[in-house]
Trainee: 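Below: one structure in C-alpha cells.
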Amino acid sequence: MTHREFAAAYREGRVRVTVDPQGAARLVSSRLLLPFVLLPLMGLGVALALVGRYFAGAAIFLAALALRYAVRATAPGYVLRRALADERFYDEALASGLIKVEKE
C-alpha cells in the first residue's frame with residue numbers, strides 16, 4: 001500500500017494501524033536524545049537533595065521522570081502522525097515493523 005493510499009484509507013477509516021509502543025518509545029527517545037536530557041536533570045535533582053534542598057531536588061527528579069513517562073505515553077501517536085505526514089518515514093516504519101496496517 002502506497003503512502004497516498006494509506007493516508008486516504010486511514011482518514012476514511014478503512015484501515016486499522018497498530019503501532020509498536022516500545023519501538024515508538026525507543027525511536028522518539030533517540031530522536032529527542034532523551035538520555036542526554038534526563039541524566040543531567042536527575043543528577044541535578046540528586047545534587048540539590050544532597051546539599052539540603054530536598055523539595056527542590058525531589059521536584060526536579062520527579063519532573064525528569066514525568067518527562068520520561070510522557071514521552072513514552074505519547075510516542076505511538078507521534079509515530080502515527082509522522083507516518084501520515086511523511087512518505088519516507090511511512091516506508092521506513094512499515095519496513096521496520098514499527099507500524100502494521102490492516103485492512104478492515
Trainee: Can you tell me if Tyr10 has over 12 outside heavy atoms packed within less than 6.0 Å of its OH?
Mentor: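 Check fails, neighbour count at 12 or below.
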Trainee: So how far is it from Arg72 CZ to Leu67 CG, rounded to the nearest 0.5 Å?
Mentor: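 Between Arg72 CZ and Leu67 CG, I get 11.5 Å after rounding to 0.5 Å.
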Trainee: Return the minimal non-hydrogen interatomic distance between Gly97 and Lys100, and the atom names on each side.
Mentor: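 In this case the closest contact between Gly97 and Lys100 is O-NZ, 3.6 Å.
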Trainee: On a heavy-atom basis, which atom in Ser30 and which in Leu27 lie closest, and how many Å separate them?
Mentor: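 Residues Ser30 and Leu27, closest heavy atoms: OG-O, 2.9 Å.
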Trainee: Would a single hydrophobic cluster contain both Leu38 and Val71, if residues Ile, Leu, Val, Met, Phe, Trp and Tyr are joined by side-chain heavy-atom contacts under 4.5 Å?
Mentor: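 Result: yes, single cluster for both.
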Trainee: With Arg31, which residues qualify under side-chain hydrogen bond (donor to acceptor under 3.5 Å, both in side chains), at least two apart?
Mentor: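 Counting only residues at least two positions away or on another chain, Arg31 forms no side-chain hydrogen bond (donor to acceptor under 3.5 Å, both in side chains).
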Trainee: Quick one, Arg4 and Glu87 - any side-chain contact, counting heavy atoms below 4.5 Å?
Mentor: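 Answer no - side chains too far apart.
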Trainee: Go through it in stages, so that I can follow the logic: the residues are Leu98 and Val79, the test is side chain to side chain contact (heavy atoms under 4.5 Å, CB included), and I'd like the CA-CA distance, side-chain angles, deciding distance and then a yes or no.
Mentor: CA-CA 8 Å; Leu98 189 58; Val79 168; 3.9 Å; yes
Trainee: What's the separation between atom CD in Glu102 and atom OG1 in Thr18, rounded to the nearest 0.5 Å?
Mentor: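 Glu102 CD to Thr18 OG1: 4.5 Å, rounded to 0.5 Å.
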Trainee: Answer yes or no: is there a donor N or O on one side and an acceptor on the other, between the side chain of His3 and the main chain of Ala83, under 3.5 Å?
Mentor: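 At least one qualifying donor-acceptor pair exists.
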Trainee: So do Val101 and Met1 actually touch side chain to side chain, heavy atoms under 4.5 Å?
Mentor: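 Yes, close enough: below the 4.5 Å cut-off.
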Trainee: Tell me, do Phe6 and Val17 make a side-chain contact under 4.5 Å, heavy atoms counted?
Mentor: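 In contact.
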Trainee: So, using salt bridge (Lys or Arg N to Asp or Glu O under 4.0 Å) as the criterion, who are the partners of Arg26 when residues are at least two apart?
Mentor: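 So Arg26 forms no salt bridge (Lys or Arg N to Asp or Glu O under 4.0 Å) with any residue.
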Trainee: Among pairs that include at least one residue of residues 13-49, which meet ring pair (Phe, Tyr, Trp, His ring centres under 6.0 Å), considering only residues two or more places apart or in two chains?
Mentor: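 Passing the test, one end in residues 13-49: no pairs.
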Trainee: Looking only at non-hydrogen atoms, find the nearest pair between Asp20 and Gly23 and report the distance.
Mentor: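 Distance-wise, the nearest heavy atoms are OD2-N, 3.2 Å.
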Trainee: With a 4.5 Å cut-off on side-chain heavy atoms, are Phe89 and Leu84 touching?
Mentor: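 No. Closest side-chain heavy atoms not under 4.5 Å.
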Trainee: Can you hop from Ile60 to Leu65 via hydrophobic side chains spaced under 4.5 Å?
Mentor: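 Shared cluster, no.
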Trainee: Taking all heavy atoms of Pro40 and all of Pro35, pick out the closest pair and write down the distance.
Mentor: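 Smallest heavy-atom distance, with atoms named: CD-O, 4.1 Å.
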Trainee: Cluster question for you: counting only ILVMFWY and a side-chain heavy-atom cut-off of under 4.5 Å, with indirect links fine, are Val19 and Leu32 together?
Mentor: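 Yes; Leu32 is reachable from Val19 via cluster members.
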Trainee: Side chains of Tyr90 and Ile99, heavy atoms from C-beta outward: is any pair under 4.5 Å?
Mentor: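 Of all side-chain heavy-atom pairs linking Ile99 with Tyr90, at least one is under 4.5 Å.
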Trainee: For residues Leu62 and Leu41: do they belong to one hydrophobic cluster (side chain heavy atoms under 4.5 Å, members Ile, Leu, Val, Met, Phe, Trp, Tyr)?
Mentor: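 Not linked; separate clusters.
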Trainee: For residues Arg14 and Ala8, report the shortest heavy-atom separation together with the two atoms involved.
Mentor: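 Heavy atoms only, the tightest pair is NH2-C, 4.1 Å.
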Trainee: Give a yes or no answer on whether the side chain of Glu5 reaches the backbone of Thr2 with a donor-acceptor pair at less than 3.5 Å.
Mentor: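 A pair under 3.5 Å: yes.
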Trainee: In this structure, would Leu33 and Val28 fall into the same cluster of hydrophobic residues linked by side-chain contacts under 4.5 Å?
Mentor: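 No; Val28 is not reachable from Leu33 via cluster members.
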Trainee: Let me confirm one number: the CD-CG distance from Glu92 to Leu94, rounded to the nearest 0.5 Å.
Mentor: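 Those atoms lie 11.0 Å apart.
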